[in-house]
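Below is one structure, written out as structure tokens, with a few remarks after it.
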Amino acid sequence: MSQFERRQWQITERPFRPCDLPHTETIYTIGNGLYGVRGTFEEGYPGDTSTTLAAGIFNHVEGELVPELVAMPNPLELIVHINGETFRLDQGTIMGYERVLDMQCGTLSRGVLWLSPQGTRLRLHFERFASLHDEHLLALRVLVQPLSEGTHTISIENRLDGNATNPGGISHWGAVQVGADAETLHFIGETNQSGYQVALAADLHVDGAAVQCGADDQSGNRAGNRATHTATFELAGNQIAYVTKLVTLHTSRDGDDPLRSALDRLKIARASGYSVLKAAHDSAWAAAWDKMDILIEGDEVAQKAVRFCMYHLLIAAPHTDERVSVAAKTLSGYGYKGHVFWDTELFIVPPFTLADPESARRLLMYRHHNLQGARDKATEAGYQGAMFPWESTDTGQETTPRWTEPHPISGERIRIWTGDNEQHISSDIAYAALQFWRWTGDDDWFAAYGAELVLDTAVFWGSRVEYNAEAGRYELSMQIGPDEYHENVNNSVFTNRLVKWHLEQAAEVHAWLQAERPADGQRLSAALGIEATMIDHWREVAARMFIPMSDENGGVFEQFEGFFDQLQAFNLADYTPRTKNIDWMLGQEKMQSTRVIKQADVVMLMALLGDELGDHDFLLRNWQTYLPVVDHGSSLSPSIHAWVAARLGLVDEAYDLFIYSATIDLEDHKGNVHDGIHAASCGGVWQAVVFGFCGLRLTADGVTVAPCLPEHWRRVRFTVQHKGQPVTIDITPEGVA
Ligand code: BGC
């Protein structure tokens with residue numbers, strides 16, 4: 001691979017700028033779907049947020065509004081001392097520094113040339129990976145080389161600290177034990193509400209020098225919940241030693257005795273050795289990229305940024321567990337407390353459905369396993385069927401907070417309505433299941449699981465819709481569409497139109513089951529209480545669902561009733577450029593009566609249903625109507641706009657929106673990347689390239705493309721799976737291969 005090609009897999013930081021830490025900690029997260037480790041330094045740095053989060057390990061501390069992902073003990077801690085001085089980047093002089101995330105093999109490395117306060121020169125090279133081959137394993141290795149003359153005493157402290165807390169000092173741990181024997185450190189803890197057990201085991205090995213090792217077990221009291229091993233050795237000037245730290249993590253989600261499993265696995269890993277572990281990890285990444293990579297030639301920024309988005313989806317999506325999903329901010333930060341939103345089904349699942357259907361299936365199964373939570377929610381609200389929670393965790397119950405935290409000065413709390421009224425999520429999930437079925441052709445899966453997702457959510461809508469006898473139509477009041485600046489609106493066009501589509505599909509799914517899978521059809525009809533009259537009702541609702549339209553611009557969708565005649569016009573351009581979202585500037589209340597929208601709403605509908613909604617002119621009129629009033633106040637917005645713009649042939653506009661979303665975290669456009677990666681945007685970027693610029697569709701004739709590439713792109717190549725067969729799309733200005 002040439003230097004140029006290699007660069008397109010690497011995100012490099014040079015020189016070190018402490019003020020960038022909150023940003024780089026997030027973007028340099030490593031992970032493997034089981035856990036994510038933010039890119040903090042092994043030795044720490046003042047003010048850092050060293051965080052390790054494990055998929056599905058949620059806990060709800062009394063007094064807190066909602067459950068959240070639990071901070072694990074930091075597996076990275078490793079302190080290097082030279083001649084009694086401690087290596088830290090906030091002390092001494094940094095003579096050289098480079099940090100590289102190699103996305104091709106999911107490995108983060110850091111090279112440092114350091115001059116200690118007392119004048120010793122030291123070269124260190126750190127490398128770490130969260131094994132994609134063995135998801136319970138984290139490995140890190142440090143090259144240590146004193147560059148000053150003479151003999152140097154090096155000591156390496158390997159620590160395991162059981163005092164991990166979440167932001168705000170919240171401790172989710174009940175009983176915790178930390179211990180050490182001659183070779184191994186370990187931690188075992190239990191979360192204090194959800195009762196998950198988590199175990200970590202760690203060891204240290206030095207190559208290239210003779211070591212004296214000492215155990216220092218301080219597991220006596222809670223405050224001193226830290227175990228340390230110190231390896232001390234001598235190195236002459238220029239001599240090199242390699243220090244390897246291996247850590248294993250197991251939880252009661254994957255077995256009954258996590259500590260035993262962590263210790264056993266550590267033993268096996270130790271026997272393999274770092275190079276063998278790394279080689280297995282690299283091959284697992286190569287296999288993952290074979291499925292997910294999009295090659296873009298002619299645009300280095302786009303190439304790297306798209307890979308960055310895919311890298312973060314690959315380290316966030318579960319590779320084995322189908323009872324967890326992808327958090328809105330992945331496992332790279334505390335934003336949204338690790339909760340799962342519609343972001344998964346409409347932004348993250350589609351790339352997997354097409355490129356790696358096994359991963360998509362796991363994510364869809366997460367919803368299937370959590371149907372009970374959705375049924376409970378529907379029942380509590382007085383409806384039938386399954387009404388999926390807006391925010392979901394490990395239990396499948398609704399976990400959207402009902403109120404904001406009290407304002408620090410006024411103490412005021414604002415009601416959050418999304419958990420009650422952002423109901424479109426149930427159709428979003430049905431959409432993802434149907435899309436998976438169409439692409440994979442996996443009738444067995446669909447009959448066994450997918451159909452239930454589609455049908456039980458249809459049962460919900462059948463009971464939820466309101467009949468307006470005067471107008472002779474079905475309506476939905478008190479909704480929140482994707483545009484969360486306007487809450488509790490009547491007849492959100494996004495929701496109503498998607499529900500119409502959903503009920504039509506559900507009726508067809510029912511008919512398909514009866515014809516092709518009668519046993520499953522009967523099982524589901526009996527379990528979900530579906531009778532012929534209910535199917536008639538769905539068809540009737542679909543036919544008479546109110547779809548608000550307006551004469552604006554010669555005829556467009558009306559985002560919701562009253563959008564054009566009751567809201568005040570507002571010129572967003574007057575507030576450009578801005579670093580904050582417009583709701584922050586104008587206040588939430590004012591937004592309700594202002595014609596500015598948070599994110600793709602009608603445009604989101606256009607992305608999902610496309611030509612089914614109308615001809616090119618109609619779609620273009622909608623685009624022209626809604627683009628000027630969108631704030632892109634959510635990171636979910638620009639990529640969807642890019643996709644739709646490309647479909648409409650507006651390549652320049654599409655490219656600007658695409659490149660903005662592709663670099664949303666790399667460049668921290670939203671100013672909040674310290675909270676974690678914007679996972680939905682990552683998935684949206686993939687869709688903007690594949691469905692937008694490449695115009696990929698699944699038609700009766702199979703997979704087709706209608707490319708509309710940015711002028712400077714010389715080539716786009718990727719592979720999708722259609723009914724179990726790989727289809728490689730290779731587009732150049734000369735044509736499609
Ligand atoms: C967006 C939602 C999204 C959520 C989590 C909100 O700001 O408006 O659409 O689901 O963030 O990413």
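First listed ligand is number 1; within each ligand, the first listed atom is number 1. Quick note: residue numbers are just sequence positions, from 1. Note that this is a predicted model, so its numbers are computed, not measured. For the numbers below, each heavy atom of this structure counts, side chains included, while hydrogens, waters and symmetry mates do not.
- Near Q599, meaning under 4.0 Å from one of its heavy atoms, ligand 1 places the atoms 1 (C), 8 (O), 9 (O).
- One N or O on the side chain of Y28 and one on the backbone of I11 form a donor-acceptor pair closer than 3.5 Å.
- Checking T320 against E135 by side-chain atom types alone, a donor-acceptor pair falls below 3.5 Å.
- Between E422 and ligand 1, no pair of N/O atoms sits closer than 3.5 Å.
- Ring geometry for W623 against H641 counts as tilted: the plane angle lies between 30° and 60°, on a 0 to 90° scale.
- For ligand 1, the atoms lying closer than 4.0 Å to a non-hydrogen atom of W342 are 2 (C), 3 (C), 9 (O), 10 (O).
- Although no hydrogens or angles enter the test, the distance criterion places a donor-acceptor pair under 3.5 Å between the side chain of T29 and the main chain of E25.
- Taking a cutoff of 4.0 Å between a charged side-chain nitrogen and a carboxylate oxygen, E589 and R415 do not qualify as a salt bridge.
- Contact of the N490 side chain with the E475 side chain is not registered, since no non-hydrogen atoms from C-beta on lie closer than 4.5 Å.
- Of all protein heavy atoms, the one closest to atom 6 (C) of ligand 1 is Y336 OH, 3.4 Å.
- The closest approach between any non-hydrogen atom of W390 and ligand 1 is below 4.0 Å.
- Ligand-side atoms of ligand 1 in range of L636: 3 (C), 9 (O), 12 (O), range being under 4.0 angstrom from any heavy atom.
- Taking the six-membered ring where the residue is Trp, F494 and H424 present perpendicular rings, their angle passing 60° and hence far from 30°.
- From the protein, the heavy atom lying nearest to atom 3 (C) of ligand 1 is D343 OD1, 3.5 Å.
- In terms of protein heavy-atom proximity, atom 2 (C) of ligand 1 is nearest to E484 OE2, 3.6 Å.
- Listed by atom number, the atoms of ligand 1 under 4.0 Å from K598 heavy atoms are 1 (C), 6 (C), 7 (O), 8 (O).
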